[in-house]
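Below is one structure, written out as structure tokens; comments come after it.
Being a predicted model, the structure only gives us computed values, none of them experimental. In each ligand, atom 1 is the first atom listed, and ligand 1 is the first ligand listed. Note that the numbering runs from 1 along the sequence shown for the chain.
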Amino acid sequence: MPLETPVRIVTELARRGYNAEQEAVTLLSGADVPEHAVDAVVDHADDDALRITAADVRAALAESEGGRERSANGTAAGSAAEAASSGTAPRTDPDEHPSVSTGDRPEATAETGDETGSRSGSEAGAETTDSTTAGAVEEAGHGSATEAADRTVDPSLRSLEVAGDVTGRSTGTGEYGDFVKVFRDRYEKLSKQLRGRVNHRPAEAIGSMSGGSDAAIVGLVDDIRSTKNGHWIVELEDTTGTFPCLVMKDREFAGLVDELLLDECVAIEGTLSDDGEIVFVDSMYFPDIPRTHTPNTADRHVQAALVSDLHVGSREFEADAWDRFASWLHTEEAARVEYLLIAGDMVEGVGVYPGQDEELDIVDIYDQYEAFAERLKDVPGDMEVVMIPGNHDAVRLAEPQPGFDETLRDIMSAHDARITGNPSLVTVEGVNVLMYHGVSLDEVIAELPEGKASYEEPHKAMYQLLKKRHVAPQFGGKTRLAPEKKDYLVMEEVPDVFHTGHVHKIGWGKYHNVLAVNSGCWQAQTDFQKSVNIDPDVGHAPIVDLDTLDMTVRKFA
Ligand code: D5M
Ligand code: FE
Ligand code: ZN
């Protein structure tokens, strides 16, 4: 681990789950052997700490250089966590929830994609690739790009609240017991959604039932294996034990086994074998979104732009496309776009993948955030901005990811943006928008057959997450999960809009009336992406009408 630069220190700390104060990084870089200093400070850090402070470093170094002083670490870390949590206090008085409609709806400016759609970024203005839909991508501007917007908005009509944010509440110690807790909480929350649908018994009780009885189980998927005859054995686990369930390959629902991910919660109903050792499955249920879900809508015509993956600091950051988007936001056509939601990967980060150094335009992580902040300043000052981190950002990688630390908040202070964790449920004028960066989408796409999830149709991978009511079901693969006392990644509430990014492809559609939008990116194809055949959709901005949940995609690349 060559730790010559502060950048590497920040990266190393982020890998281990910590943010760091700039002064802490400076102190660490000045240590005799920075690697050892990082080890010492991490060993020394309080279990609850989210951010390494200069005080932590001093205490750790003093101790490792002879153990002369008692550390002040516990207190320092505690106050860092408090500071982080106070930064997320809602700014809007919940009583100010708007009840007034402005009534002056402008004419529609583009075709909407209110069913489903996905397209490649190279065919400007073309119909969507999904023939069942009316979605389209509009070139932005249409002659009005130079007009100034009539942003005579009344801020008192606005409302923005955040729930399900881990920032400042992380309790994980990384110990085995915490993994047990988080899975217990997952089971409790998701089994509650399934309980009404089957008359289930604990795995342990089923083990002592007589052969041939009807049996139902609600459990987390512990194992999926095929038999030599091509049938499936799905092992389900609840708080009392595990039980094997056999899905015959010729049953009409056998295809559902393809959709199963390890650790997700499902219910099955069936009949016990004569020897009572296995359940023959007759039906399978997912927690799912009720088909009857009626989405909440705003009381007035107001819009939100859903973006992600700017990757500022990368040589491939498409500054021109972003500039066109930011300029368009100042036009009359965009006067109703009052919210900007950014679902992670603000910056390219450092040390995210091998050989990334070669592709960096800005090598210092703080400089990258400074440059991002400049881009943010180009957005109209009267827009409300919400930001969550992604896997390239300087926060811990494991999910749920806390929102940016104080240093980064200061750097990105333009717009007084609402900075929250990944994931977060953001309620915008009554509309519940679940923002999640989307790392688990890679896993869903890798595990499921192409028709059910692919990079070309990322919204279908999102449908799977909605069906499982969990943003990152599978534990232990690509998606890193942090052990916490509760599972922040469960979708307890049904979202009205589900907003992700990460896979750099645009795709949207409705699943049981929930609008799922994956928002593309602002970074041209990197060498790495070329090597793995990822053809990104660059410079698209999905614009959602919050009063109808119709959607238009505008293209700026
Ligand atoms: O991810 C952009 C897309 O590229 C996303 O689908 C993951 C994929 N990607 C990025 N890095 C890797 C590595 N190292 N292996 C496999 N796939 C990768 P982003 O988060 O913007 O880098
Ligand atoms: Fe990204
Ligand atoms: Zn990403």
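The aromatic rings of Phe498 and Tyr436 lie parallel to each other, their planes meeting at an angle below 30°, with 60° marking the opposite boundary. Aromatic ring orientation, Trp328 versus Phe556: tilted (interplanar angle from 30° to 60°).
Contact atoms of ligand 1 toward His392: 19 (P), 20 (O), 21 (O), 22 (O) (distance under 4.0 Å to a heavy atom of the residue). Which parts of ligand 1 touch Val503 is read off a 4.0 Å heavy-atom cut-off, strictly below it: atoms 5 (C), 6 (O). Listed by number with element, the atoms of ligand 1 under 4.0 angstrom from any heavy atom of Asp345 are 19 (P), 20 (O), 21 (O). Those atoms of ligand 1 that come under 4.0 Å of a heavy atom in Ile534, given as number and element, are 3 (C), 4 (O), 8 (C). Under a 4.0 Å criterion applied to the non-hydrogen atoms of Asn391, ligand 1 contributes the atoms 20 (O).
Taking the ring axis of Tyr455 as reference, the NZ or CZ atom of Lys505 does not stay both within 45° of it and closer than 6.0 Å to the ring centre. Both tests hold for Lys486 against Tyr488: distance to the six-membered ring centre under 6.0 Å, angle to the ring axis within 45°.
The N/O atoms of Asp442, backbone and side chain alike, include one that comes under 3.5 Å of an N/O atom in ligand 1. When only interatomic distances are considered, the shortest N/O to N/O separation between His502 and ligand 1 falls below 3.5 Å. Looking at Gln523 next to ligand 1, no N or O pair under 3.5 Å apart turns up.
The name of the N, O or S atom in Asp345 nearest to the Zn ion (ligand 3) is OD2. Its N, O or S atom nearest to the Zn ion (ligand 3) is what matters here, and for His502 that atom is ND1.
When every heavy atom of Ile365 is checked against every heavy atom of Gly349, the shortest pair comes out as CD1-CA, 3.6 Å.
Here the protein contributes Asp309 OD1, His311 NE2, Asp345 OD2, His504 NE2 as N, O or S atoms under 2.8 Å from the Fe ion (ligand 2).
Ligand 1 lies less than 4.0 angstrom from a heavy atom belonging to His311.
Here Phe317 and Trp322 keep their ring centres 6.0 angstrom or further from each other.
Comparing Phe528, Tyr353, Tyr455 by heavy-atom distance to atom 10 (C) of ligand 1, the nearest is Phe528.
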